[in-house]
Amino acid sequence: MSMLICGRFGPHCERYVQQALRKHSLQQSRNIVSKSHALLKAPSSSQSPILLISERGLWRFYHAYKNRSSRHLLSSRGHLLVPSNRHNIVTWTRITKALIRPRNIIITGLVGTGAVISQKIQAVKQQLPDLEWMKEYMPESEAVKNLMKSIQSATSKLSLPEKGFISSHLPKVKDAAVVEGIKSWWEENAGRNSAAVLSEDQKGTTHKNTVPLLGFGRSGATATSSKKNPEKERLEQVQDEMIQIQIRYQKEIDRLIKENKDLRKSLMLKEPKSGRKRTMRSLIDMYSDVLDELERYDSSYNTQDNLPRVVVVGDQSSGKTSVLEMIVQARIFPRGSGEMMTRSPVKVTLSEGPYHIASFKDSSREFDLTKESDLAALRKEVELRMKASVGDGETVSQESISMTVKGPGLQRMVLVDLPGIISTETSVMAPETKNNIRKMVRGHMENPNAIILCIQDGALDAERSNVTDLVSQMDPTGKRTIFVLTKVDLAESNLYNPDRIKSILEGRLFPMKALGYFAVVTGRGNQNDSIQEIKNYEENFFRNSKLFKDGVLKPTQMGTQSMSMAVSELFWKMVRETVEQQADAFKATRFNLETEWKNTFPRQRELDREELFEKAKGDILDEIINLGQLTPKEWEEAFYNKLWERASSYFFESIYLPAAQTENSGIFNTTVDIKLKQWADNMLPKKCVEVGWDTLHDEFIKIVEKDKKNKGHDEIFDQLKLAVIEASKNKHQWDSKAEDSLRVIQVNTLEDRSVTDKQQWDAAVKFMEETVKGRLHQTQDKLKELTGPGKWEQWTHWKSKTQDHRNRGATKGELEKILSAEKDHKSNLATDELTTVRRNLQTSGIEVTNDFIRETWYHVYRQFFLTKALGQCQECRKGFYYYQKGFTDSGLECNDVVLFWRLQRMLQITSNALRQQVVNNEARRLERIIKEVLDEFGEDQDTLAKLLTGPRVQLAEELKKVRQIQEKLEEFIQALNKEK
């Protein structure tokens, strides 16, 4: 037990210590100072020397000094004094011996009260709370032992002052002899005692009778080195110890964080196994949904999006994306060397999850971020989406790419990575790219609650920074800016002025202010390094960093982990402060929109674009079903009329007209048979299928148009219905087998030339008469158009003929002369006839070309031919009797009527076949196609926005979005309050 001896006892102790040292050999002294050593120090008033002495040595001093006497054992200050009287010394010695043997008292007390104490201890233990749960939060015993060993190691390295310490530190005294005595004694014994300590340490033995070492001293090596630069070496040793302690402390924190991640992961995995589904999403996912809704919202009331998000800005190639990847803990972005890779904003939502995965908002695919193959696929997908968002002739895009990254231990927040700010536009960039990027960055930073993560390249000169000026303009007070200095390892290797980095991290160099300043290392320049390798490199760099040892870098400013936690903390702080204000703003907007709807559309429901589309979809499906309400007669009449409309021109020009110019009925019938067979084999079936396709869609359009006349018709659906009809027509294909079946039917029908009864004959005559009359009227109208108005029309309608009309009229007159002269003239005009007509016109002063004459001849001859055919039809009206007799000796030829009967019967049978195909197959196919088209339109919001438009739709759509945003905000606020 050590004692502090002071007062008058000090000088006498010094004297008897010297006597004791002479009696005992210095070779048997101890090499270390025993724990029982006592520090002998004189008070400042007595100016006594300072001595180090053990308890055993104290009693040896007593026997050597037993003839001295002392009045008091303790001084007024409580120090132990050596008595001067022998009797008093003996008395106090006995008392002291009794006091220093407390084992007798303790053993006696334990024997008597052991049982009682045991009971009390048990009772107290039962009343104490269970503290087992604290073991999870306390460091392991091994870590504590290592910490204690490091402290002991640091303590052992601390040495006693060197020579001259006492003279330089003792206060000035009047008695110079005392001071000189202390100096001489110290110089005499300090080196000798140090040698004794070293020799004893080498022997490794301890002797009981050795007199304890007195005084202060150092080893020879230590003393020598300390003379060189003791303060600097001591500072370096302390810094090294601090760094080692901090590293062990950080490792312990990392271990606890890892255990926390594993525990949270096990809890997340355990929940689905329990059979209970999670009814509530995570806070950050809810918040990200709100931001997505706000990005798509375009308000006429200027309700701005002021919700916080972390906006990552910086110069090109400053390490923005690398910092974001360190926060995400995965290499998820495309990589490039010196070229622009970020071409559009990328919104990344970070949240906790049992597995480290990533996914896009508009896709169900999940990328496993622990697999290199999935990481490569994710980077490729991000690159493709960026290129797709950039328009033709542009370099960057305003369209955001939304991504969600989940993983154990990720800091929950929303980050937006923006294209890097450039100073010069290269030849491969579109014009105004530099200004477009600055405008985009400004737009994201204009949000007063956006957290600006300013990234600055530490390896470049501060004067080359573009982003700091822009950030200082948007956030001059720095209340929402966090400054990150990247590539600190390169900065340290190229650094010649450490104060420059210090001034950057203290906010004194750049013309901007920030809430916090951080220094990070995001890699070694190798794009293939994993996140863990980069983290290890960053940790090793800061551990051995000269900037840290010199005090330029502070521990709280170093590392991506510290920066990420600071950003997340600031993010949630601003979210809690601003989200309720945003909710109130949208509540007011909703009230204004509802009031406007009541005043503008008081009798109509608030149907947004999606609800209107569903209503229109039901109406269109009802109308396609109404096709089944058409009767077979209506279908066949529609097909019959459409078929003849399409086939009449070919029939007259290619079949009837050439056959009518033959010399006799035999040749006429042969020509007709050949041409009908060619027609049925090649063109007719395909043309009939086209007719069936057109008729089906025409009937559907008629039903749609008929619905417009109803009283409750809503014009807002008209554009959508027409678009659906056009899209279905493009997708609808008739059955390929229908053409073959029609060919067989038509060939067989056209080969039949036998009219069975008078009714069929009369029907054929009527069909021929109506058809010829129709063609004749068309031809006459065309000729009238070519020759101009007649005299009556000129007088009544104040019209006049042009020179072309006069030329046509004159040419027509000359051609009619030719036909009147030759009743059986062919359909073609001979060359000599052309010459004759031109000469006759030239004599009248009219110059025309041969093509002009042929064009006029075409219409004149058809008028002549149709007039002749119409007369033939009148003659054959009662010719059925002669037809049955074969027209022998009657002089009547009605082969034209038989031809028209064959055509009419073919049209009837084809119409019936098409009706069956429509009813059995094509109507259902069309209904299915229309459903597919409607589904495609329903998924394409851009198409719906074009087809369903108008003030009513826009107001209902905006009201719907405001309600959705308000509901999501309120849901998020409730969850946020519960988490508090």
Side-chain angles (χ1 to χ4, degrees), residues 280-313 324 327 344-352 361 398-405 410-418 440-454 471 474-475 477-482 515 564 566-593 958-980:
M280 294 293 292
R281 295 175 299 161
S282 64
L283 271 177
I284 193 63
D285 289 337
M286 297 168 63
Y287 185 77
S288 180
D289 290 344
V290 173
L291 295 182
D292 290 338
E293 291 291 338
L294 289 174
E295 286 181 0
R296 294 189 293 264
Y297 174 65
D298 183 17
S299 173
S300 60
Y301 287 89
N302 296 323
T303 305
Q304 297 181 356
D305 173 18
N306 292 331
L307 288 179
R309 68 264 283 161
V310 181
V311 180
V312 185
V313 298
L324 189 56
I327 297 175
S344 64
V346 181
K347 184 172 74 69
V348 183
T349 303
L350 300 182
S351 62
E352 282 192 307
K361 289 288 186 179
Q398 294 278 357
E399 183 179 349
S400 297
I401 300 174
S402 296
M403 183 191 307
T404 301
V405 179
L410 291 182
Q411 300 295 329
R412 300 178 303 166
M413 53 183 156
V414 177
L415 303 104
V416 181
D417 186 23
L418 298 176
M440 183 193 308
V441 174
R442 282 179 175 272
H444 282 80
M445 291 194 297
E446 282 177 351
N447 181 357
N449 298 317
I451 301 171
I452 303 173
L453 194 62
C454 180
V471 172
M474 304 308 298
D475 184 24
T477 60
K479 65 178 182 180
R480 54 189 181 92
T481 300
I482 293 179
L515 282 177
S564 177
V567 173
S568 178
E569 183 178 354
L570 178 61
F571 170 76
W572 284 106
K573 178 178 178 294
M574 297 190 70
V575 167
R576 292 184 177 92
E577 293 175 352
T578 59
V579 67
E580 292 186 358
Q581 299 176 1
Q582 193 76 30
D584 294 339
F586 275 96
K587 187 180 296 184
T589 303
R590 176 178 177 178
F591 175 79
N592 295 334
L593 292 175
E958 187 172 4
L959 185 56
K960 173 189 175 183
K961 290 180 179 178
V962 170
R963 285 173 177 167
Q964 289 178 347
I965 294 173
Q966 183 188 359
E967 291 173 358
K968 289 182 179 293
L969 280 171
E970 292 177 351
E971 181 184 3
F972 172 74
I973 292 172
Q974 291 178 0
L976 186 64
N977 293 332
K978 287 182 180 179
E979 187 177 81
K980 289 182 182 180

Would Met286 and Lys968 count as a side-chain contact (heavy atoms from CB on, under 4.5 Å) if you check the C-alpha gap in whole Å, the side-chain angles of each, and the deciding distance to 0.1 Å? CA-CA 7 Å; Met286 297 168 63; Lys968 289 182 179 293; over 6 Å; no
Kindly determine whether Leu350 and Val348 satisfy side-chain contact (heavy atoms from CB on, under 4.5 Å), including the steps that lead there. CA-CA 6 Å; Leu350 300 182; Val348 183; 3.8 Å; yes
List the steps and the verdict of side-chain contact (heavy atoms from CB on, under 4.5 Å) for Val575 and Gln582. CA-CA 10 Å; Val575 167; Gln582 193 76 30; over 6 Å; no
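Atom CD of Glu577 sits in a crowded spot, with more than 12 heavy atoms from other residues, nucleotides or ligands closer than 6.0 Å. Shown here is Lys573, whose NZ atom has no more than 12 heavy atoms of other residues, nucleotides or ligands within 6.0 Å.
Heavy-atom minimum distance, Val346 versus Met403: CG1-CE, 4.3 Å. Of all heavy-atom pairs between Ile327 and Met413, the closest is CG2-CE, 3.6 Å. Minimum heavy-atom separation, Met574 to Asn449: CE-O, 3.4 Å.
Inspection of the Lys361 and Thr349 side chains reveals no N or O donor paired with an N or O acceptor under 3.5 Å. Between Gln974 and Glu970, the side chains place no donor N or O within less than 3.5 Å of an acceptor N or O (distance only, hydrogens not considered).
Ring pair Tyr287/Trp572 is tilted by interplanar angle, where 30° to 60° counts as tilted.
When the side-chain hydrogen bond (donor to acceptor under 3.5 Å, both in side chains) test is applied to Gln964, no partner is found at least two apart in sequence or on another chain.
Ile973 is listed as a side-chain neighbour of Glu580, based on a closest heavy-atom distance under 4.5 Å.
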